[in-house]
There are 2 protein chains.
Amino acid sequence: MHRHEGHDACHGDVADMLARAEAVCRERGLQFTPLRREVMEAVAEAGKAQGAYDIAEKLSAPGKRVAPVSVYRALDFLMQQGLVHRIASRNAFIPCAHGHAPGEGVVFLICRTCGGVDEASSEMLEDGLDRTLKRAGFTPAHSILEVEGDCGACRERQQAG
Amino acid sequence: MHRHEGHDACHGDVADMLARAEAVCRERGLQFTPLRREVMEAVAEAGKAQGAYDIAEKLSAPGKRVAPVSVYRALDFLMQQGLVHRIASRNAFIPCAHGHAPGEGVVFLICRTCGGVDEASSEMLEDGLDRTLKRAGFTPAHSILEVEGDCGACRERQQAG
DNA sequence: GGCGGCAGTGATACACTGTAACAAACCCGC
DNA sequence: GCGGGTTTGTTACAGTGTATCACTGCCGCC
Ligand SMILES: [Zn+2]
Ligand SMILES: [Zn+2]
Ligand SMILES: [Zn+2]
Ligand SMILES: [Zn+2]
């Protein structure tokens, strides 16, 4: 689902995402530290993919600087837990809105107009990929599926305007 | 097809790739300059994806330095002509072994053991992707499909060893 | 209480990847 | 030869990510 500005309730708002992150950490015996929480919040609040340096800047304030390296560490942790995803084509990060299994075939739909990123999963797509890989004799470990284009909302807006 | 070390004949060897590049440029009225040729050759010779800085170093010699920026320009040109591809997950480049249409749905199979990269295209995969996008109301412009794993040759080698 | 290990964080420096800007060289038709 | 477009050289810089070490806070143990 596409994230519109000011309308994030489709797949859970920021509070839900934070609650899920906290629950995941607790049930796995991991620490959901203040820094990790702040990074998770920054990623969840933004309507579009955030760069690590953007997050660092956002979390910094006069007298309290958060270095990018700290953000990267928090992001690495959150990615390992499946709470955020990295968008390779943008060098940026988004919150996982679905809570799917790790390694599950998910394709990211990146709107080049509004910058929003949506996750879509599909049995059919996954089947097609599996068969293509099998035919090539290739054993997959991890896949990156990213499509850039225009989301429905932006396309309507363009046709109307 | 996976490129093994010392065995690049599956989809055309280096000479074939260079000949194709030259032909493409000639028929489009574009210049296949010495630099572009050298970059194409460097990418085609390597059995695995090459970084721009690797290429720059490879082409440099005592007394003749090739700056990375020149390599990037040559790579941009070659990519526009569909002669090389960029592997987003590696920040590296490979020669196109197939000569397919630009924008055609091709998935890159990246072997994490030997580093070789293969291109596979599949009607089924493309159908699955198209339907997934249509269902999400998303209009694609460009897609990145990359799978990391183990190629058949490396998997056999591991089982045998 | 003191002590030692461990995870997390801060801080600096650095490596890697890519681009902007401008000058020089080159090519080609006039 | 000249003018204009293309290609390349050169420098500097921005953006992205990692290595390293020191420090802190916490918890279990003596
Ligand atoms: Zn997700
Ligand atoms: Zn949009
Ligand atoms: Zn190709
Ligand atoms: Zn391999």
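We name chains A, B, ... by the order of the sequence lines, and we start the count at 1 in each one. This one's a predicted model, so the numbers in the text were calculated from it and none came from an experiment.
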Would you please test A:E22 and A:R37 for salt bridge (charged side-chain N to carboxylate O under 4.0 Å, His left out) and show each step?
-> CA-CA 8 Å; A:E22 190 166 5; A:R37 179 182 198 84; 3.6 Å; yes
Tell me which nucleotide among C:dG18, D:dG17, D:dT8 gets nearest to the side chain of A:F93.
-> D:dG17
Specify the separation, in whole Å, of atom CZ of B:R37 and atom C1' of D:dT8.
-> 18 Å
Against the side chain of B:Y53, the closest entry in C:dG18, D:dT6, D:dT18 is C:dG18
Sole candidate of A:V106, A:L145, A:V107, A:L109 that passes side-chain contact (heavy atoms from CB on, under 4.5 Å) when paired with A:E119 | A:V106
May I have the distance from B:R28 (atom CZ) to D:dT6 (atom P), rounded to whole angstrom?
-> 17 Å
Could you state the CG-P distance from B:D54 to C:dC16, rounded to the nearest angstrom?
-> 9 Å
To the nearest angstrom, how far is B:F77 atom CZ from D:dT6 atom P?
-> 12 Å
Rounded to the nearest angstrom, tell me the gap between atom CG in B:L59 and atom P in D:dG9.
-> 10 Å
With nearest nucleotides of DNA chain D determined for B:Q31 and B:A67 from heavy-atom distances, which residue corresponds to the more 5′ nucleotide?
-> B:Q31
Between the base of D:dG9 and the side chain of B:R73, is there any donor-acceptor pair under 3.5 Å?
-> yes
Once you round it to whole Å, what is the distance between P of D:dT10 and NZ of B:K64?
-> 12 Å
OP1 or OP2 of C:dA7 sitting under 4.0 Å from any side-chain N/O of A:T33?
-> no
Describe the nucleic acid contact of B:V69 in one word from base, sugar-phosphate, nothing, applying a heavy-atom distance below 4.0 Å.
-> base
Closer than 4.0 Å, any side-chain N/O of A:R86 to the OP1 or OP2 of D:dG17?
-> yes
Should the heavy atoms of other residues, nucleotides or ligands under 6.0 Å from CD of A:E27 be counted, would the total exceed 12?
-> yes
Can the ring centres of A:H98 and A:H85 be said to be less than 6.0 Å apart?
-> no
Between C:dG18 and B:N91, is there an OP1 or OP2 to side-chain N/O distance shorter than 4.0 Å?
-> yes
Separation of C:dA20 P from B:Y72 OH (nearest whole Å) = 13 Å
Out of D:dT7, D:dT11, D:dT18, minimum distance to the side chain of B:R65 belongs to D:dT11
Nearest-neighbour nucleotide for the B:S70 side chain, D:dT16, C:dT12, D:dT10 considered | D:dT10
To the nearest Å, give me how far apart CG (A:L35) and P (D:dG25) are.
-> 16 Å
Is the side chain of A:S60 donor-acceptor paired with the backbone N or O of A:V66 at a distance under 3.5 Å, no angle test?
-> yes
